[in-house]
**Student:** 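My questions will all concern the structure given below.
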Amino acid sequence: MLTDRPSYQALQAHYAQIGSLHLRDLFAADPGRGERLSGEAAGLYLDYSKHRVTDETLRLLVALAEDCGLRGKIDAMFRGERINTTEDRAVLHTALRAPRGQSLSATLVPESGEPVHEVLDRMSIFAELVRNREWLGFTSKPIRNIVNIGIGGSDLGPVMAYEALRHYSNRELTFRFVSNVDGTDFAEATRDLHPEETLFIVASKTFTTLETMTNAQSAREWVLNSLHDPLAISRHFVAVSTAAKEVAQFGIDTDNMFGFWDWVGGRYSMDSAIGLATMIAIGPAAFREMLAGFHAMDEHFRTAPFASNLPVLMGLIGLWYNNFFNAQTVAVLPYDQYLKRFPAYLQQLTMESNGKRVTLEGESITGYQTSAIYWGEPGTNGQHSFYQLIHQGTKLVPCDFIGFRQSLNPLGEHHDLLMANVFAQSKALAFGQAAPPGQPYREFDGNRPSNTILAERLTPAILGALIALYEHCVFTQGAIWNINPFDQFGVQLGKVLAQEILPSLKKGSPLPADDSSTLALLRRYRAE
Ligand code: G6Q
């Protein structure tokens, strides 16, 4: 167990010594701290000086990573070993963004015969056809609306990347994302669109997910109600999937299918064909720039010594609060409106990956915590709501501030005002502010830690680097917690449970021998 390792116990002893040190004192003792505890990679600058760590803390954390075999685990992932042991799969999202010729995937997928760059090339041709109005609908009108139907990993990446890179998107096309099985999602997304000009991308790794299949079926009816000919389907539907048979069964021409592979996990799939909507929006060249940004961070993670490896440092420092200070959450605070869906994306990446309670050896974890709860909102909006708790509440909430030197929409003084807030917030959190006598409610005690991630501007490459930074931070933590970040049995449970209960919603059907709460709810729903 992790807690039995001397390197872990050394951190426990160290925490007892320095846990209550104040950031004010750490900064006062070391005037160069702000510069010294910072690093740069793939266009991202990380300031990690406002953390409750000393040089010794960092040394002990790196020693823990080494002791837990992080180096070997990183190498095993990049080599394509089957590190997703519970599903017996390799984990090779890094191969999706490796430059042409360097991609391991060519050797990994002989049975599909279509390695990464071949799919990217086919996606590029298709994306250009749509972007150039050359992909015509059934009535020969060019496609103007693209609706991505998918959920979880087949939705969050595409929608986040579309919003993040909207600045670079083709403004003549309309993009919508339908995920929820709640019919409202589909109805509102299509209400002002015309089927003749609409293309659906059905994005599903398995092509069996209830929500996606239900929405895809409704999309099919929506198209056929207007175009009245099943031949229209091939002009208005494409599929992104690993499951050719299921795609064909649904009625989508497999010529209009873009494949990927079982070694791409859903939440790590936005660089695969799952990114088709992103590619149509920003164009193949910008999509490849995004992949290059991911790759630059992959290379940094793979090769940099741990003490200057940004994802490793972020992972270790996060673990320091999670496991020793008992911090429950991490707030992700992007100061960029384009990143409004980034916290939601990160929630899946972090919590679906590391929300586990069993070790790789199958033992129940006792004595230490795994994933923190991730949450957040763009600044400055969050400042006018939940920041109160971060500044003055009783909980310790480590924060990640994300900002850019240049705005993509320079407008008067807006950007300076925005960034003044980033710097002011992290400063106030770290150093606090004394209260006027007799007014303790005005006191800010400080010592509240944060990362600040700064980049030049939000480009496709920077977005790629930022996502890869968090992906590898998650990997680092999973390696130390000795869990499998690449399975998701909790998600699969949900997929099965609803199917079991569905037949009992019909009035008059037999009620299952269920618990009294479920039974009462079922009776009420059936109005019996
Ligand atoms: C991601 C999860 C999950 C998955 C969705 C959609 O890592 O496995 O979020 O992406 O359940 O699955 P399909 O792509 O198979 O429809």
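Whatever order the structure lists them in is the order used to number ligands and atoms, beginning at 1.
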**Student:** Is Thr212 close to ligand 1, meaning an N/O of one under 3.5 Å from an N/O of the other?
**Tutor:**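 Thr212 vs ligand 1: no N/O contact under 3.5 Å.
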**Student:** Nearest protein heavy atom to atom 15 (O) of ligand 1, by residue and atom, and its distance?
**Tutor:**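 Answer for atom 15 (O) of ligand 1: Thr206 OG1, 2.6 Å.
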**Student:** In terms of side-chain geometry, is the basic nitrogen of Lys356 or Asp487 positioned less than 4.0 Å from the acidic oxygen of its partner?
**Tutor:**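 Looking at Lys356 and Asp487, the cut-off is met.
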**Student:** State, without any angle test, whether Arg526 and Ser509 hold a side-chain donor-acceptor pair at a distance under 3.5 Å.
**Tutor:**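 Indeed, the side chains of Arg526 and Ser509 share at least one donor-acceptor pair under 3.5 Å.
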**Student:** I'd like to know if Arg288 pairs up with Asp121 as an ion pair, taking the criterion as any Lys NZ or Arg NE/NH1/NH2 lying under 4.0 Å from an Asp or Glu carboxylate oxygen.
**Tutor:**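 Salt bridge flag = yes for Asp121 with Arg288.
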**Student:** Out of all atoms in ligand 1, which are within 4.0 Å of some heavy atom of Ser204? Include the element for each.
**Tutor:**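 It comes down to these atoms of ligand 1: 13 (P), 14 (O), 15 (O), 16 (O).
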**Student:** To which protein heavy atom is atom 1 (C) of ligand 1 closest, and what is the distance rounded to 0.1 Å?
**Tutor:**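 Answer, as residue, atom name and distance: Glu352 OE2, 2.8 Å.
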**Student:** Regarding Tyr470 and Asp400, is there a side-chain donor-to-acceptor distance under 3.5 Å anywhere?
**Tutor:**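 The answer is yes; a qualifying pair exists.
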**Student:** Just need the protein heavy atom nearest to atom 7 (O) of ligand 1, so name the residue and atom and give the distance.
**Tutor:**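 Here the closest protein heavy atom is Arg267 NH1, 2.7 Å.
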**Student:** Identify, for atom 9 (O) of ligand 1, the protein heavy atom at the shortest distance, and state residue, atom and that distance.
**Tutor:**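 Ranking protein heavy atoms by distance from atom 9 (O) of ligand 1, first comes Gln348 NE2, 2.7 Å.
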**Student:** Enumerate the atoms of ligand 1 whose separation from the nearest heavy atom of Thr209 is less than 4.0 angstrom.
**Tutor:**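 Heavy-atom distances to Thr209 below 4.0 Å select 12 (O), 13 (P), 15 (O), 16 (O).
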**Student:** Output yes when the distance from some N or O of ligand 1 to some N or O of Phe207 is under 3.5 Å, and no in every other case.
**Tutor:**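 For ligand 1, there is no N or O atom that lies under 3.5 Å from one belonging to Phe207.
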**Student:** Under 4.0 Å, heavy-atom basis, I'd like to know which part of Gln488 is in contact with ligand 1: side chain, backbone, both or neither.
**Tutor:**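 Under 4.0 Å from ligand 1, Gln488 contributes side-chain atoms alone.
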**Student:** Quiz question: by atom type and distance under 3.5 Å, do the side chains of Arg176 and Thr190 form a donor-acceptor pair?
**Tutor:**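 No, no side-chain donor-acceptor contact under 3.5 Å.
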**Student:** Which residue and atom name correspond to the protein heavy atom nearest atom 10 (O) of ligand 1, and how close is it?
**Tutor:**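 Going atom by atom, the protein heavy atom closest to atom 10 (O) of ligand 1 ends up being Gly153 N, 2.9 Å.
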**Student:** Among Ile280, Val159, Val147, which residue meets the side-chain contact (heavy atoms from CB on, under 4.5 Å) test with Phe175?
**Tutor:**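 By the side-chain contact (heavy atoms from CB on, under 4.5 Å) criterion, Phe175 pairs with just one of Ile280, Val159, Val147: Ile280.
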**Student:** Consider only side-chain N and O atoms of Asn145 and Thr198, and report whether a donor and an acceptor are under 3.5 Å apart.
**Tutor:**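 Judged by distance alone, the side chains do pair up.
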**Student:** Considering only non-hydrogen protein atoms, determine which one is nearest to atom 11 (O) of ligand 1 and report residue, atom name and distance to 0.1 Å.
**Tutor:**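 I find the closest protein heavy atom is Lys495 NZ, 3.0 Å.
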**Student:** Do side-chain atoms of Asn482 reach the backbone of Thr359 as a donor and acceptor pair under 3.5 angstrom?
**Tutor:**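 Flag not set: sc Asn482 to bb Thr359 has no pair under 3.5 Å.
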**Student:** So which heavy atom in the protein is nearest atom 5 (C) of ligand 1, and how far is it from that ligand atom?
**Tutor:**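 Among all protein heavy atoms, the one nearest atom 5 (C) of ligand 1 is Ile151 O, 3.4 Å.
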